[in-house]
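Here the structure comes first, spelled out in structure tokens, and everything after it is commentary.
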Amino acid sequence: MSSQSNGARNMCKPLVIIIAGPTAIGKSSIAAKICQPEFATQVIEEHSKNNCISKKDVEGIGQIISADSVQVYQGVQIGANKPSSKERAETPHHLIDIVDSTSVCQYNAADWMRDAMHVLDRITNLNTESDDDAALDKDTKLRRARIGQFLSENSQEEKEVLPVIVGGTMMYLQWLVHGRPDAMKPSHDAIERAAKTVAKFEAQDDEEEGWAAAEEHTSSLGPLFEERVKKLPGKDWYRLRRTLEVAYTLQDDDDKEEKIKKLYNGQRQGGLDTSPLYDVRCFFLCPDDRMAHTAVVDSRCEDMILKGLMKETTDLYLSGQLPEEGQQTRAIGYRQTIDFLNKHNSLDDSTFGAYLDEFTTATRRYAKKQMQWFRKDERFIFVPVQLSQPSSLRVDDVANTIKQLCIMPRQDFEKELAPALVDKKNVKINELSDEELKLPLSARTKLQNERQGKNMKFYQNRRHKLVIGSAKYDSALKEAGECAKRMQANLKE
């Protein structure tokens, strides 16, 4: 049980809500609903009543902290699925547009975790952090200045703020909830070298051969790195790259072996889940129908193209705001669009269709990975999202479910996190057994989500709006041609 379930009732820890979920599930809309003043006030009052001393006459409001590795960058908009100006005016969104668009700095999970903890400290008025920033590097000071300005502009001295952390970047949320892993800060040269090495292996035509070659190379750097590679779950290119960054950083260090043994000790520290300062409740918004959700993902990708993803990518790329080595440039959507526009001299239904397929396939795979990742995380309650419902009703239902789980006593919340113990010999793919139906909501939802995955091999991709021969398709194809000319003219210069 988390340490947060202990402690006296008279110690009112600020409630922190964390909302994760696969792309296109509706995280932002649900978070915005929770942040509405009346809704946030009810959550704060009921939570305090059931978990500490009842607060009366509270005036609450929610503020969002973005947990998205692309939204931190300035410039990007459509490809990052940033909230609109209207949405940001209605609900403050922290940690968006805090890194220069031209930056190739390796803003990572450690940086984001520190920034998120800094914002939490300020908006909950705990103020446990020191204001001395003398030890901060130049990039961090610049970010903190932007973060500080936004905090000042959205200060709520007369109201109690309910922090709602929202996003789908798995590593960010893992660091924030569970703490810093057994990792070290790699050198800049090692980061660049590892990125180029991994890119070379990933670019191989045969994915299996590319991964095998990457494993062999990493294993050749030492027994401990070989052991690390063997423990990687599947083709996890991110963790393989991080392993290479450490290996390259320590390559010429005389105490390399000793440092590596201390480094890979499996311990994490500093996470919110064990913090004595906050009552943290984590949720994963889970589609009740994975086949239907996958169709929503495909449609979302088409919407991004119709909103102007290709033109935005071209404008940003040609103005230096999608630098070759930038993390934002490697994001799904931008990466496929840049490759497409740079490679094709003549555009037709075949080449444009291949681009759409690559974009949607990459997005679907990412959504699948998000579900797989969080199913293994025992600190997140899975909340089902009924995709067949009208959008407004769906948002209200999920927000109210989260509300009920947030206001219950901590010990009852811990019971909802109980994992499912399942007889795997008698599993039915499309339905739960009578015993399984008695499980807590989260356990039932996880089981259904995992089992539905077995049917996903039958999913057939189809166009929803960009249908050949339609006006929308013809307009998008024309835009692609114009953008490709601009991109390729730049390559010739």
Taking only Lys NZ, Arg NE, NH1 and NH2, and the carboxylate oxygens of Asp or Glu, determine whether D298 and R462 approach each other closer than 4.0 Å.
no
Any donor-acceptor pair under 3.5 Å from S152 side chain to G148 backbone:
yes
Counting C-beta onward and ignoring hydrogens, is there a side-chain heavy-atom pair between D121 and M117 closer than 4.5 Å?
no
Under 3.5 Å, is there a donor-acceptor pair between the side chain of Q71 and the main chain of N81?
yes
How about E215 and W211: does a side-chain donor come under 3.5 Å of a side-chain acceptor?
yes
Short side-chain to backbone donor-acceptor contact, H178 and L176, under 3.5 Å:
no
T360 side chain reached by V297 side chain, heavy atoms, under 4.5 Å:
no
Output the distance between atom CG (N461) and atom CG (L356), rounded to the nearest 0.5 Å.
9.0 Å
Which atoms form the tightest heavy-atom contact between T249 and S187, and what is the distance?
OG1-N, 3.1 Å
Side chain of S84, backbone of E87: donor and acceptor closer than 3.5 Å?
yes
Any sub-3.5 Å donor-acceptor pair from D68's side-chain atoms to V70's backbone N or O?
yes
Are any of the side-chain nitrogens in E325 or K196 under 4.0 Å away from the carboxylate oxygens of its partner?
no
About how many Å separate NE2 of H118 and CG of L120, when rounded to the nearest 0.5 Å?
10.5 Å
Any salt bridge linking K307 with D303? Criterion: basic side-chain nitrogen under 4.0 Å from a carboxylate oxygen.
no
Checking S275 side chain against L277 main chain: does a donor-acceptor pair fall under 3.5 Å?
yes
Atom CD of E153: over 12 foreign heavy atoms under 6.0 Å
yes
Hey, are R88 and S85 close enough side-chain-wise for a donor-acceptor pair under 3.5 Å?
no
Using a strict 4.0 Å threshold on nitrogen-to-oxygen distance, state whether D397 and K33 make a salt bridge.
no
With rounding to the nearest 0.5 Å, note down the distance linking CZ in R242 to CZ in R228.
9.0 Å
Side chain to side chain, P384 and L441, heavy atoms closer than 4.5 Å
yes
salt_bridge(E416, R281) N-O dist < 4.0 Å:
no
Is there a salt bridge (Lys or Arg N to Asp or Glu O under 4.0 Å) between R241 and E245 once you walk through the steps?
CA-CA 6 Å; R241 192 182 80 231; E245 288 172 0; 3.5 Å; yes
Heavy-atom closest pair, residues K27 and G21
NZ-O, 3.1 Å
Any donor-acceptor pair under 3.5 Å linking the side chain of T313 with the backbone of Y334?
no
For the residue pair V385 and D288, what are the closest heavy atoms and their distance?
O-OD1, 2.8 Å
Presence of salt bridge, R144 and D115, under 4.0 angstrom:
yes
Between CD of E378 and CG of D273, what distance do you get to the nearest 0.5 Å?
10.5 Å
Within a reach of under 6.0 Å around NE2 of H464, are more than 12 heavy atoms found that belong to other residues, nucleotides or ligands?
yes
All heavy atoms of N154 vs all of P92, minimum pair found to be OD1-CG, 3.5 Å
Are R143 and I98 close enough that some pair of their side-chain heavy atoms sits under 4.5 Å apart?
yes
How long is the span from the CD atom in Q77 to the CG atom in L309, to the nearest 0.5 Å?
11.5 Å
With heavy-atom distances below 4.5 Å as the criterion, would you say the side chains of I407 and Q404 are in contact?
yes
Check: Y278 and T124 side chains under 4.5 Å, non-hydrogen atoms
yes
Do Y317 and E324 have side-chain atoms, one donor and one acceptor, less than 3.5 Å apart?
yes
Passes side-chain contact (heavy atoms from CB on, under 4.5 Å), I64 versus C35? Steps please.
CA-CA 8 Å; I64 289 174; C35 287; 3.7 Å; yes
Pair F340-F359, ring-ring contact (aromatic ring centres under 6.0 Å, His included): steps then yes or no
CA-CA 10 Å; F340 166 62; F359 180 19; over 10 Å; no
Please assess M310 against C483 for the test side-chain contact (heavy atoms from CB on, under 4.5 Å), listing each intermediate value before the final yes or no.
CA-CA 7 Å; M310 291 182 291; C483 291; 4.2 Å; yes
Regarding T102 and Q321, is there a side-chain donor-to-acceptor distance under 3.5 Å anywhere?
no
Nearest 0.5 Å, what's the CG-CD distance between L447 and Q452?
11.0 Å
Please confirm whether the backbone N or O of Y355 pairs with a side-chain atom of Q336, one donor and one acceptor, at under 3.5 Å?
no
Are more than 12 heavy atoms from other residues, nucleotides or ligands located less than 6.0 Å from atom CD of E90?
yes
Heavy-atom check, side chain of W175 versus side chain of W112, under 4.5 Å:
no
Within-4.5 Å side-chain heavy-atom neighbours: F283 and I18:
no
Considering all heavy atoms, the nearest V280-C282 contact
CG1-SG, 3.9 Å
Could you tell me whether a side-chain N or O of R375 sits under 3.5 Å from a main-chain N or O of K446, the two making a donor and an acceptor?
no
Correct closest heavy-atom pair for Q42 and K403 would be OE1-NZ, 2.7 Å
Taking T445's backbone N and O only, do any of them form a donor-acceptor pair with Q448's side chain (distance below 3.5 Å, no angle check)?
no
For residues 366-391, which residue pairs pass the ring pair (Phe, Tyr, Trp, His ring centres under 6.0 Å) check, not counting sequence neighbours?
F284-F374, F284-F382, F374-F380
Go through the steps for V229 and F225 under the test side-chain contact (heavy atoms from CB on, under 4.5 Å), then give the verdict.
CA-CA 6 Å; V229 168; F225 295 115; 5.5 Å; no
